[in-house]
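These notes concern the structure reproduced below.
All values below come from the heavy atoms of this structure, side chains included, with hydrogens, waters and symmetry mates left out.
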Amino acid sequence: MLITPEYVFKDVTHITPEFLAQKGIRALVLDIDNTLTGDRSQELPPEVAQWLDTMKNAGVRLTIVSNGSEKRVRPFAQKLGLAYLSRSAKPLSFAMMVAQRRMGVKRREMAMVGDQLYTDRLAAALYGIPGLMVVPRGPDLNSGVVLKRKWEKRHWQQYYDRGGKTL
């Protein structure tokens, strides 16, 4: 259960303030690549920009936590006006702890949003918060991620086998 998804969304934009409120979630830790934008892209799709505004207007606190380099993460986060942690070493919990403290919420009030089970979902599980998984926005450009995607397939299937739906 550490890797099998709890929730799967077709896209980050399908996560609503109402869903979060139902779960008592007031803060989101956000991955970048293939979650908010395409892999290695600095461009934010307009629908994701609108989603971020909706979340901010609903009072949801947001922080980017990425395994990407400072050079990759900083300009993206600054364009969005979001706090960030780069080279976060997900699935280890250190960055999750820092993000929680920065956002000023209790652990039970936060969730991780990402596309990879072995980094984002496992980081959420190890930190004891929900993982809100999204279908990747595009192809993976990193060979290590391509390999992990093959290993992830059985965990995705376990989610659907137990009746999980793409929200």
Side-chain angles (χ1 to χ4, degrees), residues 5-86 88 90-91 95-96 98-125 127 129-142 145 149 152 156 159-160 164-167:
E6 296 168 278
Y7 304 100
V8 177
F9 294 86
K10 184 177 179 183
D11 186 79
V12 69
T13 60
H14 288 233
I15 301 169
T16 65
E18 294 78 20
F19 173 87
L20 298 177
Q22 276 183 331
K23 305 292 181 195
I25 297 169
R26 298 179 37 231
L28 295 175
V29 176
L30 305 169
D31 179 50
I32 296 176
D33 291 317
N34 275 331
T35 299
L36 297 178
T37 191
D39 200 6
R40 300 183 186 168
S41 174
Q42 287 291 335
E43 300 304 315
L44 186 68
E47 68 275 12
V48 177
Q50 183 177 1
W51 177 80
L52 289 168
D53 286 342
T54 299
M55 288 294 142
K56 289 175 187 176
N57 291 335
V60 177
R61 296 180 180 149
L62 306 168
T63 296
I64 291 174
V65 174
S66 173
N67 284 348
S69 69
E70 177 86 6
K71 181 180 175 184
R72 191 277 181 266
V73 177
R74 183 181 350 112
F76 189 82
Q78 286 177 335
K79 274 198 279 189
L80 305 180
L82 294 178
Y84 70 93
L85 294 155
S86 58
S88 64
K90 290 181 292 184
M96 306 298 268
V98 172
Q100 177 191 347
R101 193 175 9 188
R102 285 183 182 177
M103 292 188 291
V105 296
K106 294 180 170 105
R107 190 181 301 206
R108 70 176 181 267
E109 297 174 319
M110 63 187 280
M112 173 78 214
V113 179
D115 66 300
Q116 290 186 53
L117 298 182
Y118 287 105
T119 53
D120 305 314
R121 169 64 183 118
L122 187 54
Y127 198 59
I129 63 174
L132 310 181
M133 304 309 299
V134 298
V135 174
R137 292 189 75 81
D140 297 300
L141 303 176
N142 178 309
V145 175
R149 293 280 190 214
E152 288 180 347
W156 286 105
Y159 171 77
Y160 293 109
K165 305 272 187 249
T166 302
L167 307 171

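- Residue Thr63 holds its OG1 atom at 11.0 Å from CD of Gln100, rounded to the nearest 0.5 Å.
- The shortest distance between side-chain heavy atoms of Tyr160 and Val8 falls below 4.5 Å.
- Residue Met110 comes nearest to Met96 through the heavy atom pair CE-O, 3.9 Å, listed as atom of the first residue, atom of the second, then distance.
- Summarising the geometry, atom OG1 belonging to Thr37 is positioned 11.0 Å from atom CG belonging to Asp31; distances are rounded to the nearest 0.5 Å.
- The backbone N or O of Lys165 sits less than 3.5 Å from a side-chain atom of Tyr159, completing a donor-acceptor pair.
- The number of heavy atoms from other shown groups lying within 6.0 Å of CD (Gln42) is above 12.
- Residues Leu20 and Leu132 meet the side-chain proximity criterion, which asks for heavy atoms closer than 4.5 Å.
- Listed for the Asp39 side chain is no donor-acceptor partner under 3.5 Å among the backbone atoms of Asp33.
- Scanning both residues, Ser66 and Ile32, for their nearest heavy atoms gives CB-CD1, 4.3 Å.
- The pair Glu43-Arg137 does not meet the salt-bridge criterion, since no charged nitrogen lies less than 4.0 angstrom from a carboxylate oxygen.
- For the residue pair Asn34 and Val134, the shortest heavy atom distance occurs at O-CG2, 4.2 Å.
- Contact annotation: the side chain of Trp156 approaches that of Pro5 to within less than 4.5 Å [non-hydrogen atoms, C-beta and beyond].
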Inset, instruction - Determine, stepwise, if the pair Tyr127 / Val29 fulfils side chain to side chain contact (heavy atoms under 4.5 Å, CB included). - result: CA-CA 12 Å; Tyr127 198 59; Val29 176; over 6 Å; no
Inset, instruction - Quick one: do Leu44 and Leu52 satisfy side chain to side chain contact (heavy atoms under 4.5 Å, CB included)? Show the steps, please. - result: CA-CA 10 Å; Leu44 186 68; Leu52 289 168; 3.9 Å; yes
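- Under a 3.5 Å cut-off, the side chain of Arg102 and the backbone N or O of Tyr84 do form a donor-acceptor pair.
- Crowding of Arg108 atom CZ: a count of heavy atoms from other residues, nucleotides or ligands under 6.0 Å not exceeding 12.
- Under the 4.5 Å side-chain criterion, counting only non-hydrogen atoms from C-beta, Met112 is in contact with Lys90.
- If you take CG on Leu85 and CG on Asn67, they are separated by 11.0 Å, rounding to the nearest 0.5 Å.
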Inset, instruction - Apply the test side chain to side chain contact (heavy atoms under 4.5 Å, CB included) to residues His14 and Leu167: give CA-CA distance (whole Å), side-chain angles for both, the deciding distance (0.1 Å), then the verdict. - result: CA-CA 7 Å; His14 288 233; Leu167 307 171; 5.8 Å; no
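- Side-chain N or O atoms of Trp51 include none that pairs as donor or acceptor with a backbone N or O of Leu36 at under 3.5 Å.
- The nearest pair of heavy atoms linking Asp115 to Met133 is C-CE, 3.5 Å.
- Lys56 contributes atom NZ, which lies 4.5 Å from atom CG of Leu82 (distance to the nearest 0.5 angstrom).
- A 6.0 Å sphere centred on NZ of Lys79 holds more than 12 heavy atoms belonging to other residues, nucleotides or ligands.
- A donor-acceptor pair under 3.5 Å is absent between the side-chain atoms of Thr166 and the main chain of Lys10, judged by distance alone.
- With rounding to the nearest 0.5 angstrom, the OG atom of Ser86 is 8.0 Å from the CZ atom of Arg74.
- For Asp120 against Gly114, the heavy-atom pair with the smallest separation is OD2-CA, 3.5 Å.
- Using a 4.5 Å heavy-atom threshold, the side chains of Val135 and Asp11 count as separate.
- When all heavy atoms of Pro130 and Ala124 are compared, the pair lying nearest together is O-CB, 3.8 Å.
- The CZ atom of Arg61 lies 14.0 Å from the CD1 atom of Ile25; values are rounded to the nearest 0.5 Å.
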Inset, instruction - Could you please spell out the steps behind the side chain to side chain contact (heavy atoms under 4.5 Å, CB included) verdict for Arg121 and Glu152? - result: CA-CA 11 Å; Arg121 169 64 183 118; Glu152 288 180 347; over 6 Å; no
